Amino acid sequence: MSFKSNELNTGSFSSPIPLEVDEVVGCLRRRWGVTYDLKLLIKKDRIYLQMMWGFLEQQSFPIDEETFRENLNRTLEIINRAGQSDFVRNWLENVQAKPRLGRAITLPLPMDQRMDEFVL
C-alpha cells in the first residue's frame, strides 16, 4: 500500500527545521512499536522514500543500531538538503498503512531543482 500524492503543493511543507535521527526513530516507535528501515529509491527521474518491512528490533535484521542510525542519518541528510523535511515529517505522522513482509510503503518525493541534484 502506498501513500499517493496528488502533486501536493510542497510549499506548505517546506521548512528549515531538519529531520533528525532521534525524531524519526521516536516517531516510528511511537506509531508502530518498532523502528522500520527507511530507504531512498531513485527510479527513472523520481525519488521515493520507502519504509521497509525490516526493522531494527528484528533478530534477523542485518545491521546493528549504530550502523542503522548512520544509514538513517545519510537518508535524512538528503531529505533535509532537498527541503523535504516537513513533507516527510507529516507523512510519517499521518500515513495509515504499515509495511508488510515483502511490501514497503512508498512516498513519492516532490521533484524540484533541489531534488534534481540527486537524480542522475
Side-chain angles (χ1 to χ4, degrees):
M1 190 171 248
S2 299
F3 175 81
K4 300 288 184 194
S5 87
N6 294 326
E7 298 304 312
L8 293 171
N9 177 0
T10 60
S12 63
F13 292 107
S14 184
S15 170
I17 302 169
L19 276 169
E20 295 184 8
V21 171
D22 288 337
E23 176 186 0
V24 171
V25 166
C27 177
L28 294 171
R29 287 181 179 161
R30 184 175 57 258
R31 295 234 25 231
W32 293 284
V34 296
T35 314
Y36 287 113
D37 197 13
L38 298 176
K39 304 267 187 212
L40 288 175
L41 171 67
I42 300 173
K43 200 171 191 179
K44 296 186 182 181
D45 60 347
R46 297 290 315 206
I47 300 179
Y48 303 89
L49 178 64
Q50 291 192 310
M51 186 184 316
M52 308 305 288
W53 58 90
F55 52 91
L56 181 62
E57 296 81 6
Q58 253 176 327
Q59 278 189 327
S60 62
F61 197 67
I63 57 175
D64 62 19
E65 184 169 1
E66 182 179 344
T67 305
F68 173 85
R69 286 177 164 272
E70 289 169 2
N71 292 346
L72 180 57
N73 189 52
R74 280 192 292 275
T75 298
L76 295 177
E77 178 68 24
I78 293 169
I79 290 167
N80 291 333
R81 285 180 51 204
Q84 301 296 323
S85 58
D86 271 0
F87 184 70
V88 171
R89 182 179 285 118
N90 184 57
W91 179 72
L92 287 171
E93 291 288 343
N94 295 297
V95 65
Q96 295 300 309
K98 80 179 218 180
R100 303 271 183 235
L101 184 60
R103 178 165 283 207
I105 300 173
T106 302
L107 171 67
L109 295 174
M111 296 301 293
D112 63 13
Q113 291 173 336
R114 293 176 291 186
M115 291 301 279
D116 286 343
E117 142 183 11
F118 300 103
V119 177
L120 298 175

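Note that the coordinates shown come from a computational prediction; the quantities given were computed from them, not determined experimentally.
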Inset, instruction - Take R89 and I17, measure what side-chain contact (heavy atoms from CB on, under 4.5 Å) needs, and give me the verdict at the end. - result: CA-CA 10 Å; R89 182 179 285 118; I17 302 169; 3.9 Å; yes

Inset, instruction - Could you tell me whether a side-chain N or O of Q50 sits under 3.5 Å from a main-chain N or O of L38, the two making a donor and an acceptor? - result: no

Inset, instruction - May I ask you to test the R29-L56 pair for a side-chain heavy-atom distance under 4.5 Å? - result: yes

Inset, instruction - List the atom of A104, the atom of W53, and the distance in Å for their closest heavy-atom pair. - result: N-CE3, 3.8 Å

Legend entry - R69 side-chain N/O to V21 backbone N/O, donor-acceptor pair under 3.5 Å: no

Inset, instruction - Answer with yes or no whether the hydrophobic clustering places Y48 together with W91; edges join I, L, V, M, F, W, Y residues whose side-chain heavy atoms lie under 4.5 Å apart. - result: no

Legend entry - Inter-residue atom distance L72.CG - K39.NZ, 0.5 Å rounding: 10.0 Å

Inset, instruction - Quick one: closest heavy-atom pair of I105 and P99, and the distance? - result: CD1-N, 3.3 Å

Inset, instruction - Find out whether L109 and L40 are in side-chain contact, i.e. whether some heavy atom of one side chain is under 4.5 Å from a heavy atom of the other. - result: yes

Legend entry - Distance-minimising heavy-atom pair for R46 and P108: NH2-CB, 3.6 Å

Legend entry - Any donor-acceptor pair under 3.5 Å from Q96 side chain to N94 backbone: yes

Legend entry - Matching residue for L28 among V34, T35, D37 - test: side chain to side chain contact (heavy atoms under 4.5 Å, CB included): T35

Legend entry - T75 vs L49 side-chain heavy atoms within contact, under 4.5 Å: yes

Inset, instruction - Give a yes or no on this: more than 12 heavy atoms of other residues, nucleotides or ligands lie within 6.0 Å of atom CD of E70. - result: yes

Legend entry - S85 (side chain) donor-acceptor with L19 (main chain) under 3.5 angstrom: no

Inset, instruction - Return yes if some donor-acceptor pair links the side-chain N/O of N80 with the main-chain N/O of L76 below 3.5 Å, else return no. - result: yes

Inset, instruction - Specify the closest pair of heavy atoms between Y36 and F68, including all atoms of both residues, with the distance to one decimal. - result: O-CZ, 3.7 Å

Inset, instruction - Inspect the contact between R30 and E93 and indicate whether a charged nitrogen and a carboxylate oxygen are less than 4.0 angstrom apart. - result: yes

Legend entry - M51 side, atom CE; L107 side, atom CG - distance, nearest 0.5 Å: 9.0 Å

Inset, instruction - Any chance you could lay out the side-chain contact (heavy atoms from CB on, under 4.5 Å) test for L41 and I47, step after step, and finish with the verdict? - result: CA-CA 6 Å; L41 171 67; I47 300 179; over 6 Å; no

Legend entry - Common cluster, W32/M52, ILVMFWY with side-chain heavy-atom separation under 4.5 Å: no

